Engineer: 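Sharing a structure below in structure tokens format, with a few things to ask.
No experiment lies behind these values; they were computed from the predicted model shown. Values below: all heavy atoms of this structure, side chains included; hydrogens, waters and symmetry mates excluded.
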Amino acid sequence: MSTSRLSLQGPVVGLDMGGTKIDAALVAPDGAPLARATRPTPAQEGPAAVLDALAAAFAAVNTGAVAIGVAAAGVVDSVSGTVTGATDAVRGWKGTPLGPELARRTGLPVACDNDVRAAAGPELSVGDSVLYAAIGTGVGGAIAVDGRLLHGAGGLAGHLGHLAATEATGLRCPCGATGHLEAVASGPGITALYVRESGRSAESLQTVAARAVEGDAAADQAIATGAGALGRTLGGLANALGCDRVVVGGGVPRIGPRYRTPLNAEFAATLLPGLQHLRPSAPLFGDDAAVVGAAALTSSAPLHRPGGTPGDTG
């Protein structure tokens with residue numbers, strides 16, 4: 001973990017809610033996680049069950065917290081505390097008043113935002129213009145310019161996976177469009193690319209990665225294609241934004257050098273001369289990035305108070 005530290009208003013609970021699990025941590029004012037818990041996300045049981053699970057995860061680690069920060073899957077309007085967009089991975093999640101409802105269940109003020117944007121927040125302690133990419137089941141992202149994280153219309157800023165990529169031409173993206181980066185750079189995208197090119201079945205990205213280690217050239221090429229497409233996209237964005245830091249997190253980069261090497265090579269080849277020193281780095285807080293970022297929301301985003309109105313910080 002980096003020596004960078006946050007400055008929170010007190011011990012707070014950070015919750016990272018994805019489609020499969022909820023990670024919870026009690027976070028000290030300096031950003032150090034003190035206690036952790038994990039529980040499944042009841043994704044197909046409806047919003048009330050998910051909110052109950054978030055409250056239970058909070059209770060499992062709470063010892064004197066003064067607030068709760070939630071990094072949630074989906075498009076989140078942090079001002080209203082509402083999930084304004086979501087896939088079917090969490091049934092009925094769109095429209096859920098996340099902040100107000102969790103505040104009502106726990107009796108504490110709640111701040112919330114999209115999971116990737118929340119994870120990107122602590123990166124601003126060492127850079128003012130930051131590009132953050134999270135590569136897993138999908139390709140998520142967050143953008144900060146001159147020290148300010150961008151939310152955009154409806155909280156949609158940072159959806160890097162839905163930029164066009166030549167390697168994805170004609171391929172269907174989970175959003176319904178074709179030709180998007182996510183179709184080749186995500187874990188399922190790389191897996192599907194391998195299946196198409198090799199004619200062999202593969203259960204997951206882990207299967208593809210294992211076969212690459214065993215010398216399967218098609219597996220190696222599928223990984224390199226996805227990583228290279230991401231590298232060129234991030235390099236182009238770094239040029240456009242004048243980034244001083246580019247961060248790549250999520251499960252896919254854990255493949256190791258077979259992924260990182262082509263990613264870094266294509267990224268570097270795309271950069272303008274004034275940015276040639278830049279290379280993608282891992283999140284400052286490693287596997288704790290999302291829960292620490294969630295906790296940090298309590299110092300930067302609107303707080304939704306029990307019995308109050310959305311965005312009530314008074």
Engineer: Residues two or more places apart in sequence or in another chain: which of them pass side-chain contact (heavy atoms from CB on, under 4.5 Å) with Arg105?
Structural biologist: Ala48, Leu51, Asp52, Ala55, Glu101
Engineer: Give me the atom names and distance for the closest heavy-atom approach of Leu275 to Cys243.
Structural biologist: CD2-O, 3.6 Å
Engineer: Between Arg254 and Asp287 (salt bridge meaning N to carboxylate O under 4.0 Å), is one present in this structure?
Structural biologist: yes
Engineer: Verify the cluster assignment for Leu102 and Val90: are they in a single hydrophobic cluster under the rule of side-chain heavy atoms below 4.5 Å apart?
Structural biologist: yes
Engineer: Taking the side chain from Thr298 and the backbone from Ile68, do they hold a donor-acceptor pair closer than 3.5 Å?
Structural biologist: no
Engineer: Under 4.5 Å between side-chain heavy atoms, hopping through other hydrophobics if needed: is there a path connecting Leu171 to Val208?
Structural biologist: no
Engineer: Is the backbone of Leu272 close enough, under 3.5 Å, to the side chain of Asn239 for a donor and an acceptor to pair up by distance?
Structural biologist: yes
Engineer: Which atoms form the tightest heavy-atom contact between Pro253 and Tyr259, and what is the distance?
Structural biologist: CA-CD2, 3.7 Å
Engineer: About how many Å separate OG of Ser78 and CG of Leu297, when rounded to the nearest 0.5 Å?
Structural biologist: 8.0 Å
Engineer: Is the closest side-chain heavy-atom distance between Val66 and Leu108 below 4.5 Å?
Structural biologist: no
Engineer: Tell me if the CD atom of Glu203 is crowded by more than 12 foreign heavy atoms within 6.0 Å.
Structural biologist: no
Engineer: Once you round to the nearest 0.5 Å, how far does CG of Leu205 lie from CD1 of Ile223?
Structural biologist: 6.0 Å
Engineer: For Cys112 and Gly81, work out which heavy atoms get closest and say how close.
Structural biologist: SG-CA, 3.6 Å
Engineer: Once you round to the nearest 0.5 Å, how far does CG of Leu163 lie from CG of Leu234?
Structural biologist: 9.5 Å
Engineer: With respect to Leu131, which candidate in Val145, Asp244, Leu160 satisfies the side-chain contact (heavy atoms from CB on, under 4.5 Å) definition?
Structural biologist: Leu160
Engineer: Kindly write out the residues that satisfy salt bridge (Lys or Arg N to Asp or Glu O under 4.0 Å) with Arg172, not counting sequence neighbours, or none if the list is empty.
Structural biologist: none
Engineer: Check whether any side-chain heavy atom of Ser201 sits under 4.5 Å from a side-chain heavy atom of Val195, and report yes or no.
Structural biologist: no
Engineer: Applying side-chain contact (heavy atoms from CB on, under 4.5 Å), run through Val110 and Arg305 and close with a yes or a no.
Structural biologist: CA-CA 7 Å; Val110 174; Arg305 300 182 181 277; over 6 Å; no
Engineer: Taking it one step at a time, do Val252 and Ile255 satisfy side-chain contact (heavy atoms from CB on, under 4.5 Å)?
Structural biologist: CA-CA 6 Å; Val252 172; Ile255 290 175; 4.3 Å; yes
Engineer: Which atoms form the tightest heavy-atom contact between Ala289 and Pro283, and what is the distance?
Structural biologist: CB-CB, 3.9 Å
Engineer: Any chance you could measure Ile143, atom CD1, to His159, atom NE2, to the nearest 0.5 Å?
Structural biologist: 11.0 Å
Engineer: Trp93 side chain to Ala73 main-chain N or O, any donor-acceptor pair under 3.5 Å?
Structural biologist: yes
Engineer: Which residue pairs pass the salt bridge (charged side-chain N to carboxylate O under 4.0 Å, His left out) test when at least one of the two sits in residues 106-134, sequence neighbours left out?
Structural biologist: Asp113-Arg117, Glu123-Arg245
Engineer: Would Val75 and Leu156 count as a side-chain contact (heavy atoms from CB on, under 4.5 Å) here? Give the steps.
Structural biologist: CA-CA 7 Å; Val75 181; Leu156 284 167; 3.8 Å; yes
Engineer: Please enumerate all residues that pass side-chain contact (heavy atoms from CB on, under 4.5 Å) together with Ala192, with sequence neighbours excluded.
Structural biologist: Arg196
Engineer: Taking side-chain hydrogen bond (donor to acceptor under 3.5 Å, both in side chains) as the cut-off, I'd like each qualifying pair that reaches into residues 177-193, sequence neighbours left out, listed once.
Structural biologist: His162-His180
Engineer: Sequence neighbours left out, what passes side-chain contact (heavy atoms from CB on, under 4.5 Å) with Lys21? Give chain and number order.
Structural biologist: Asp23, Thr38
Engineer: OH/Tyr194 to CG/Asp220 distance, rounded to the nearest 0.5 angstrom?
Structural biologist: 11.0 Å
Engineer: If you look at every heavy atom in Leu34 and Ala28, which pair is closest and at what distance?
Structural biologist: CD1-CB, 3.9 Å
Engineer: Please name all residues satisfying salt bridge (Lys or Arg N to Asp or Glu O under 4.0 Å) with Arg148, sequence neighbours left out, ordered by chain then number.
Structural biologist: none
Engineer: State, yes or no, whether a side-chain contact exists between Met17 and Leu54 at a heavy-atom distance under 4.5 Å.
Structural biologist: yes
Engineer: Under a single-linkage rule joining Ile, Leu, Val, Met, Phe, Trp and Tyr whose side-chain heavy atoms are separated by less than 4.5 Å, which residues share a cluster with Leu124?
Structural biologist: Val116, Val130, Tyr132, Leu149, Val247
Engineer: Checking Asp216 now: which residues fulfil salt bridge (Lys or Arg N to Asp or Glu O under 4.0 Å) with it, not counting sequence neighbours?
Structural biologist: Arg200
Engineer: Tell me every residue that passes side-chain contact (heavy atoms from CB on, under 4.5 Å) with Glu266, counting only those two or more places apart in sequence or in another chain.
Structural biologist: Arg232
Engineer: Give, for atom CG of Leu230 and atom OG1 of Thr225, the distance between the pair rounded to the nearest 0.5 Å.
Structural biologist: 12.5 Å
Engineer: For side-chain contact (heavy atoms from CB on, under 4.5 Å), just list the numbers for Leu278 and Val246, CA-CA rounded to whole Å, side-chain angles, deciding distance to a tenth of an Å, and then say yes or no.
Structural biologist: CA-CA 8 Å; Leu278 201 58; Val246 175; 3.8 Å; yes
Engineer: So among Val27, Asp288, Val291, Leu26, which one has a side-chain contact (heavy atoms from CB on, under 4.5 Å) with Arg36?
Structural biologist: Asp288
Engineer: Test of understanding: with salt bridge (Lys or Arg N to Asp or Glu O under 4.0 Å), list the residues that count as partners of Arg260, not counting sequence neighbours.
Structural biologist: none
Engineer: Mind listing the closest non-hydrogen atom pair of Ala49 and Pro42 along with its distance?
Structural biologist: O-CG, 3.5 Å
Engineer: Which residue pairs pass the salt bridge (charged side-chain N to carboxylate O under 4.0 Å, His left out) test when at least one of the two sits in residues 150-166, sequence neighbours left out?
Structural biologist: none
